[in-house]
Visitor: 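This structure is in structure tokens; I'll ask about it shortly.
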2 protein chains.
Amino acid sequence: MMSNSTILNKSEGIPLYIQIRRTLREEINGQMLVPGQKLPSEDELAARFGVSRMTVRQGIADLIDEGLLYRRHGVGTFVALPHLERDHTRLTSFLESARQEGLEVAVHVLAAEVLPAKRKVALELKLEEGELVIRVKTLRFISGVPVTVHDAYIPYRQFPQLLQDDLQNRHLWDIYESYGFRVKRAVQRLEAREADEECAALLEVEEGFPILYKERTVYLDNGTPVEFTYCYNRGDRYRLTVVLNR
Amino acid sequence: MMSNSTILNKSEGIPLYIQIRRTLREEINGQMLVPGQKLPSEDELAARFGVSRMTVRQGIADLIDEGLLYRRHGVGTFVALPHLERDHTRLTSFLESARQEGLEVAVHVLAAEVLPAKRKVALELKLEEGELVIRVKTLRFISGVPVTVHDAYIPYRQFPQLLQDDLQNRHLWDIYESYGFRVKRAVQRLEAREADEECAALLEVEEGFPILYKERTVYLDNGTPVEFTYCYNRGDRYRLTVVLNR
DNA sequence: TTCGATGAGATGTGTAGACGTCTACATACT
DNA sequence: AGTATGTAGACGTCTACACATCTCATCGAA
């Protein structure tokens with residue numbers, strides 16, 4: 001059962017609804033609340049946490065659209081059946097997700113340069129053709145096997161110092177955040193293709209080998225594009241999982 | 001500018017926050033509010049709509065995580081720059097999206113049968129191996145070109161009448177809804193592969209041609225799986241777009 | 001001129017309560 | 001037995017208010 005002694009920290013900076021959300025999430029992950037089980041009613045939770053019912057609802061709301069809980073009007077709030085792949089809609093980087101699965105990951109920088117944007121890159125980044133962009137091209141290995149060629153373009157004007165950063169060990173999105181920009185959304189376009197000569201050589205496969213080709217545009221929360229990337233993944237070593245909602 | 005005479009229908013069944021959401025969405029789509037523009041403050045909107053501020057916030061919230069608006073703490077709420085591909089995270093079927101783009105779409109049913117579930121299908125649908133499932137295999141054409149082979153498995157117990165439905169013209173998800181089940185979430189796994197013999201023949205390409213291979217599991221809102229599909233897409237005619245958030 | 005404090009205005013968080021609607025179940029009536 | 005009809009409990013919507021926090025422009029002092 002749920003601990004009755006759950007006490008929120010009302011004085012410090014963390015909003016109560018976030019503490020509630022975290023508490024519930026932990027109780028689900030920790031099996032104190034199991035799939036299918038009905039949560040205490042909102043009134044009851046409000047009393048237990050010592051907050052108002054609206055605050056409880058606010059805490060529950062995020063877990064609902066994360067898919068961890070679901071409501072039945074007039075009946076109650078329940079723990080959803082587990083999805084192993086629940087979180088994959090969220091933006092996570094290649095490095096994060098591979099490392100989370102305990103895989104050995106390595107990144108080699110193939111190119112890091114400033115150059116004028118070509119037509120397609122300029123279009124995606126909403127720049128004029130010829131405006132300067134930073135190009136960061138990398139080859140990524142999992143367990144020693146080359147899996148992905150990454151060719152990223154970033155507006156130079158926005159990150160003039162970017163090439164001074166540790167591109168080998170830090171993820172680009174971390175670097176953006178360190179400049180105060182928060183990545184909010186990414187659009188990915190996926191196709192199946194054959195490996196061309198360069199790609200085949202880098203990924204250590206034959207020409208014509210199946211490649212999962214991906215173009216990605218990354219946006220900030222106000223809709224400004226900050227990165228456009230071409231991405232070539234070895235078909236036999238790379239599987240992309242996507243969760244769609246509603 | 002925003003119309004001052006916006007009047008909500010307080011007596012009828014539609015919640016105020018939904019009416020507010022709809023009003024704002026229309027004003028954005030109709031260019032009365034343009035990208036980058038600041039909305040009136042929440043207090044102002046509350047006064048204008050004749051509701052409390054919390055209700056305005058509730059109406060705005062959905063538009064925020066749809067990406068149509070964004071907030072800057074202490075500054076205001078703004079219309080986000082347009083994304084052409086804004087809605088692609090939402091679950092839309094192949095038929096819907098192709099038709100929306102004005103393409104000619106056709107579906108041929110290759111197989112419709114009841115059979116015992118194999119291991120992988122049973123696993124994905126959370127059934128015992130050997131339990132009955134319905135198999136619906138289709139070939140889909142866009143503008144007369146075969147683009148996708150779809151091989152879907154549905155628990156027989158849940159939809160015993162399914163094969164009586166018009167599989168050629170109705171989408172499976174519509175059929176589920178007509179039985180009172182609402183599709184809530186889908187997990188897709190994507191790889192690049194080569195076409196095997198059967199697939200090549202159906203899609204009218206050579207063996208070895210690049211194929212975007214997709215496995216998909218579809219869930220209801222309580223987490224019950226209702227459909228597992230193998231999906232083979234011609235690499236040169238099929239491009240999948242995915243939007244990831246946060 | 002520059003720097004810092006101040007304050008207005010905006011969003012962020014939280015409360016207490018009211019009333020509506022839906023579901024499930026029990027009870028009473030036919 | 002079967003069908004209505006309550007009714008309790010749970011979520012759904014909404015209000016009016018209070019205070020916290022953030023941002024930015026402005027004004028004054030160094």
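None of the values given here were measured: they were computed from a predicted structure. Sequence lines set the chain letters: A, B, ... in the order given, protein chains first and strands last, and positions in each chain run from 1.
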Visitor: If you check the Glu42(B) side chain, which of dG12(D), dG12(C), dT15(D) turns out closest?
Guide: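 Side chain of Glu42(B) sits closest to dG12(C).
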
Visitor: Roughly, in whole Å, what's the span from CD1 in Ile14(B) to P in dG12(D)?
Guide: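 Nearest whole value for this atom pair: 18 Å.
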
Visitor: Would one find a side-chain N or O of Thr55(B) under 4.0 angstrom from OP1 or OP2 of dT15(D)?
Guide: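 So the side chain of Thr55(B) is within the cut-off, an N or O lying under 4.0 Å from OP1 or OP2 of dT15(D).
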
Visitor: Which whole-number value in Å describes the distance from Asp62(B) CG to dG12(D) P?
Guide: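 Checked: the CG to P distance equals 13 Å.
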
Visitor: Measure from the side-chain heavy atoms of Pro15(B) and tell me the nearest of dG12(D), dC14(D), dC17(D).
Guide: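 The answer is dC14(D).
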
Visitor: In whole Å, I'd like the distance from the OH atom of Tyr70(A) to the C1' atom of dC11(D).
Guide: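 These atoms are roughly 14 Å apart.
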
Visitor: Quick one: are Phe49(A) and Leu16(A) in side-chain contact, heavy atoms under 4.5 Å?
Guide: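 They are not in contact (no side-chain heavy atoms under 4.5 Å apart), so the answer is no.
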
Visitor: One character per nucleotide, please: for nucleotides 21-27 of chain D, 5' to 3', B when the base has a protein heavy atom closer than 4.0 Å, S when only the sugar-phosphate does, - otherwise.
Guide: BBSS---

Visitor: Calculate the interatomic distance between Arg71(A) atom CZ and dT21(C) atom P; express it in whole Å.
Guide: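 Spelled out: CZ on Arg71(A) to P on dT21(C) is 18 Å.
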
Visitor: Report the distance from atom CD of Gln58(A) to atom C1' of dC11(D), rounded to the nearest whole Å.
Guide: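 It is 17 Å, rounded to the nearest whole Å.
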
Visitor: Looking at Tyr156(B), I'd like to know if its OH atom is crowded, meaning that more than 12 non-hydrogen atoms belonging to other residues, nucleotides or ligands lie closer than 6.0 Å.
Guide: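 Not buried by this count: 12 neighbours or fewer within 6.0 Å.
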
Visitor: Atom CG of Leu16(B) and atom P of dA18(C): how far apart are they, to the nearest Å?
Guide: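 Atom-to-atom, Leu16(B) to dA18(C), this comes out as 20 Å.
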
Visitor: Of the nucleotides dT11(C), dC14(D), dC11(D), which has the atom closest to the Ser41(B) side chain?
Guide: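 Closest nucleotide to the Ser41(B) side chain: dT11(C).
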
Visitor: Does OP1 or OP2 of dT13(D) have a side-chain N or O of Tyr17(B) closer than 4.0 Å?
Guide: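 Answer yes for this pair, as a side-chain N or O of Tyr17(B) is under 4.0 Å from OP1 or OP2.
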
Visitor: In terms of ring plane angle, is the pair Tyr70(A) and Phe78(A) parallel, tilted or perpendicular, where the classes change at 30° and 60°?
Guide: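 Geometry flag for Phe78(A) against Tyr70(A): parallel rings.
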
Visitor: Check the distance between dT11(C)'s C1' and Ile64(B)'s CD1 and give it to me in whole angstrom.
Guide: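 So the CD1-C1' distance, Ile64(B) to dT11(C), works out to 10 Å.
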
Visitor: Any side-chain N or O of Thr77(A) less than 4.0 Å from the OP1 or OP2 oxygen of dC11(D)?
Guide: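 Result: yes.
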
Visitor: Return the nearest nucleotide to the side chain of Arg53(A); candidates are dA10(C), dG12(C), dA18(C).
Guide: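 For Arg53(A), the side-chain atoms sit closest to dA18(C).
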
Visitor: Within the side chain of Asp166(B), is there an N or O that forms a donor-acceptor pair under 3.5 Å with the backbone of Gln168(B)?
Guide: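 Yes; at least one donor-acceptor contact below 3.5 Å.
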
Visitor: Rounded to whole Å, how long is the line connecting atom CD1 of Ile20(B) with atom C1' of dT13(D)?
Guide: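 Going from Ile20(B) (CD1) to dT13(D) (C1'), I get 11 Å.
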
Visitor: So if I take every side-chain heavy atom of Arg57(A) and compare against dT13(D), dT15(C), dA10(C), which nucleotide ends up nearest?
Guide: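 So the side chain of Arg57(A) is nearest to dT13(D).
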
Visitor: Should we say atom CD of Glu128(A) is surrounded by more than 12 heavy atoms from elsewhere, each under 6.0 Å from it?
Guide: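 No, not enclosed.
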
Visitor: Quick one: does Val79(A)'s side chain get under 4.5 Å of Val34(A)'s, heavy atoms only?
Guide: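 The answer is no; the side chains never approach within 4.5 Å.
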
Visitor: Any side-chain heavy-atom pair from Arg157(B) and Leu132(B) closer than 4.5 angstrom?
Guide: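 No, every pair of side-chain atoms sits at 4.5 Å or beyond.
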
